[in-house]
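First the structure, in the form of structure tokens, and then the observations on it.
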Number of protein chains: 2
Amino acid sequence: MKKKRPTLQDVADLVGVTKMTVSRYLKNADLVSSPLQIRIREALDTLGYIPNRAPDILSNSKSHAIGVLLPSLTNQVFSEVIRGVEGVFEPAGYQTMLAHYGYSRESEEARIATLLSYNVDGLIISESFHTDRVRKMLEVAGVPVIEIMDSVSPPIEQAIGIDNEAAAYAMTHFMIEKGHRKVVYFAARMDERTLLKIKGYERAMQDQGLTPLCVKTTSASSFTLGATFLEEVLKQQPDTDGIFCTNDDLAIGALYACQKAGIKVPEQIGIAGFHGHDISRAMVPLLATVITPREEIGRLAAEHLLSRLQGNPIQQRVIDLPFKIEAGESL
Amino acid sequence: MKKKRPTLQDVADLVGVTKMTVSRYLKNADLVSSPLQIRIREALDTLGYIPNRAPDILSNSKSHAIGVLLPSLTNQVFSEVIRGVEGVFEPAGYQTMLAHYGYSRESEEARIATLLSYNVDGLIISESFHTDRVRKMLEVAGVPVIEIMDSVSPPIEQAIGIDNEAAAYAMTHFMIEKGHRKVVYFAARMDERTLLKIKGYERAMQDQGLTPLCVKTTSASSFTLGATFLEEVLKQQPDTDGIFCTNDDLAIGALYACQKAGIKVPEQIGIAGFHGHDISRAMVPLLATVITPREEIGRLAAEHLLSRLQGNPIQQRVIDLPFKIEAGESL
DNA sequence: CATATTATTGTTACACGTAACATTAACATA
DNA sequence: TATGTTAATGTTACGTGTAACAATAATATG
């Protein structure tokens, strides 16, 4: 009953040639004679032929699809990474298959297997620690892989990102320079990058003889969470005079909570975030934050992957991109 | 040189059975004898076998992949839609292929063709107007299609969304009720949904005997744009006492600009946004906005698509979800 | 013990576009 | 006219997992 969609053979039959001739037309119209070009074009139109990549993928395993595996698709950070990736791959004629693993290693394994089962030509993934099973899969699959977000070393093949630990160290140091002493760190999610940032923060505090203090949760960050954390800290450590948050969301939440509570920022408490989203750079007061090159990470990852798909060798194993300390008005 | 990744045949050879037996094991381990189960498991492990969906897609054209086509992948609205979709399809064992078309119809055609060339089992798309070519493609492909975002009528098959025009009408009406008379509309992008909202706004103004005024641009919205628009309007229409923005970004940008310029919100100017993102519901003052069920749209679209993939008929052609007027503190 | 039944594994064919090679037709040149 | 060259189209084979059917072995039943 449900007629299947037309194949090349159907088109060829309508024209009265073999499917190979139609295939040639599709690849490059000038490979067939001009009268045939017209008739084939008409037949394609009449039947509404839609190309089918499956047989080609099967016989030469080039899918022209690349897999992008991220912890989350909603987090704004990763949205911007995706924009960077798509900006390169879409014009290059590659289809991106996005997957997310919700920060779970098990899920990461399953997602990579799925992407590979669709014969993606390359992978962009976003953690630097991987289980042995994942490493084996990537090796066996033999597709180029790029790890993004942290400039981790040594990478499986190639890594592109920032030095999260150094970035957190720098911002903490900057806050101390600005006169904040009792600086508390607000952490959420507790993923790999957050752990690195905590390390940087703690090191910076200790280097100045100060005592680090971390408020943590494994759940996702949000504006509300920033506010909740602030209340908690003010209750337990009323002399806190600085808050460094693992991302802008927490920072903005904390800042609004201060405004509501009548606490002056930055006079009474200095607040800093991480990433430098648009909102942080438009709000009043401007948020102090670490500006990270999220879109560029995506763009570069895609460009390097593309280069390797074109047969070029790895150019640079680790690409460490610069971050920037934005002073804002909240410190 | 580059050893290709192992096939079922390689695994079968190692065990000393036919690939059919291994295929059975993969589908349901109990279909093969227990001693074989162990040996197959070992062989799979040794070789690091990765399933290959291509042949199956080719022979029965069920890919267990669904295509999601959105105007933009970075816009927070669509991020949340994606979350809703993935929340359903991921546990159901479907891989989503995301694509975006940057609000261009040409690109929409190309992207749909690409998704179909990978034999997606179903499509979620996000415009209600489509070219004839697109309609033909969808018809020929014979896969279930769901249109999301606006509760448009009549849909190709099924549409899920909100009534954008009614929502804009309701908010405009609410602003007028609150005493704002010279309400200006800030529009960006000028996509289908924005046009509907403008229509609702204009109708509401006219119904109250007021003159609608729209500030427009085809470029993307941003916080900065909201600020720019505000300056412009204050120069040209200094007696403006209300601003209704096509999304929260513009509204927040305008609100911050007011704060910087010393204009009191809502006393001098009332400001309203659209969508009700987290930030709008956390900021000071709370933004008046239309709360839209973005994630639910994604979730419902996925659930209905899944139901149809399981062979069920269309249950309801148009699903019109409720929006909510959030009064906030900015009106 | 013979036949029926079930459990387990094997065989064959298929999906469809394209690379590689083969053929035919058309034209040019000596 | 015979041979060489090019242009245009055709033929064949291939990739890999699985449905459908076939065959065999093992067990049960009368």
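In what follows, chains are A, B, ... by sequence order, proteins preceding strands, each numbered from 1. When reading the values below, keep in mind they use all heavy atoms of this one structure, side chains included, and skip hydrogens, waters and symmetry mates.
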(request) Record whether the side chain of R24(A) comes under 3.5 Å of the base of dG17(C) through a donor-acceptor pair of N or O atoms. (result) no
(message) Hydrogens and angles aside, do N119(A) and S63(A) bring a side-chain donor and acceptor to less than 3.5 Å of each other?
(response) no
(message) Pairing donors with acceptors under 3.5 angstrom, does anything connect the side chains of E80(A) and T74(B)?
(response) no
(request) Give a yes-or-no answer on whether the side chains of Q158(B) and H304(B) include a donor-acceptor pair shorter than 3.5 Å. (result) yes
(request) Ignoring backbone atoms, test whether Y49(B) places a side-chain nitrogen or oxygen under 4.0 Å from the OP1 or OP2 oxygen of dG17(D). (result) yes
(message) Distance check needed: dC16(C) C1' versus N119(A) CG, whole Å only.
(response) 16 Å
(message) Could you tell me if H100(A) and E86(B) have a donor-acceptor pair between their side chains, going purely by distance under 3.5 Å?
(response) yes
(request) Give the rounded distance in Å between these two atoms: OH of Y25(B) and P of dT8(C). (result) 15 Å
(request) Would you mind reading off the distance between K62(A) atom NZ and dA19(C) atom P, rounded to a whole angstrom? (result) 13 Å
(request) Inspect the contact between E109(A) and R105(A) and indicate whether a charged nitrogen and a carboxylate oxygen are less than 4.0 angstrom apart. (result) no
(request) Scan side-chain atoms only and decide if Y25(B) and R41(B) contain a donor-acceptor pair under the 3.5 Å cut-off. (result) yes
(request) To the nearest Å, give me how far apart CZ (R5(B)) and P (dG17(D)) are. (result) 8 Å
(request) Using heavy atoms and a sub-4.0 Å distance, could you list which residues of residues 31-38 of chain A are near DNA chain D? By number, please. (result) V32(A), S33(A), L36(A)
(message) Whether the E127(A) and Y101(A) side chains hold a donor-acceptor pair (N or O, under 3.5 Å, no angle test) is what I'd like checked.
(response) yes
(request) Whole angstrom is fine here: how far is it from NZ in K4(A) over to C1' in dC14(C)? (result) 10 Å
(request) Identify which one of E303(B), E157(B), Q315(B) satisfies the side chain to side chain donor-acceptor pair (under 3.5 Å) criterion when paired with R308(B). (result) E157(B)
(request) Take the protein atom CG of L58(B) and the nucleotide atom P of dA13(C), then report the distance between them rounded to whole Å. (result) 18 Å
(request) Examine dA19(C): is either OP1 or OP2 under 4.0 Å from a nitrogen or oxygen in the side chain of K27(A)? Give yes or no. (result) yes
(message) Near DNA chain C, counting only heavy atoms under 4.0 Å, which residues of residues 13-23 of chain B show up?
(response) V17(B), T18(B), M20(B), T21(B)
(message) Looking only at the side chains, is there a donor atom on one of H130(A) and E147(A) sitting less than 3.5 Å from an acceptor on the other?
(response) yes
(request) Give a yes or no on whether the backbone of V68(A) and the side-chain of T96(A) come within a donor-acceptor separation of less than 3.5 Å. (result) no
(request) State whether a side-chain donor-acceptor pair under 3.5 Å links D150(A) with S128(A). (result) no
(message) What's the angle between the local helix axes at either end of the helix from dC1(C)-dG30(D) to dA30(C)-dT1(D), using five pairs per end and rounding to 10 degrees?
(response) 50°
(request) Write down the distance between CD (Q9(B)) and C1' (dG15(D)), rounded to a whole number of angstrom. (result) 12 Å
(request) Would you mind reading off the distance between I50(B) atom CD1 and dG15(D) atom P, rounded to a whole angstrom? (result) 19 Å
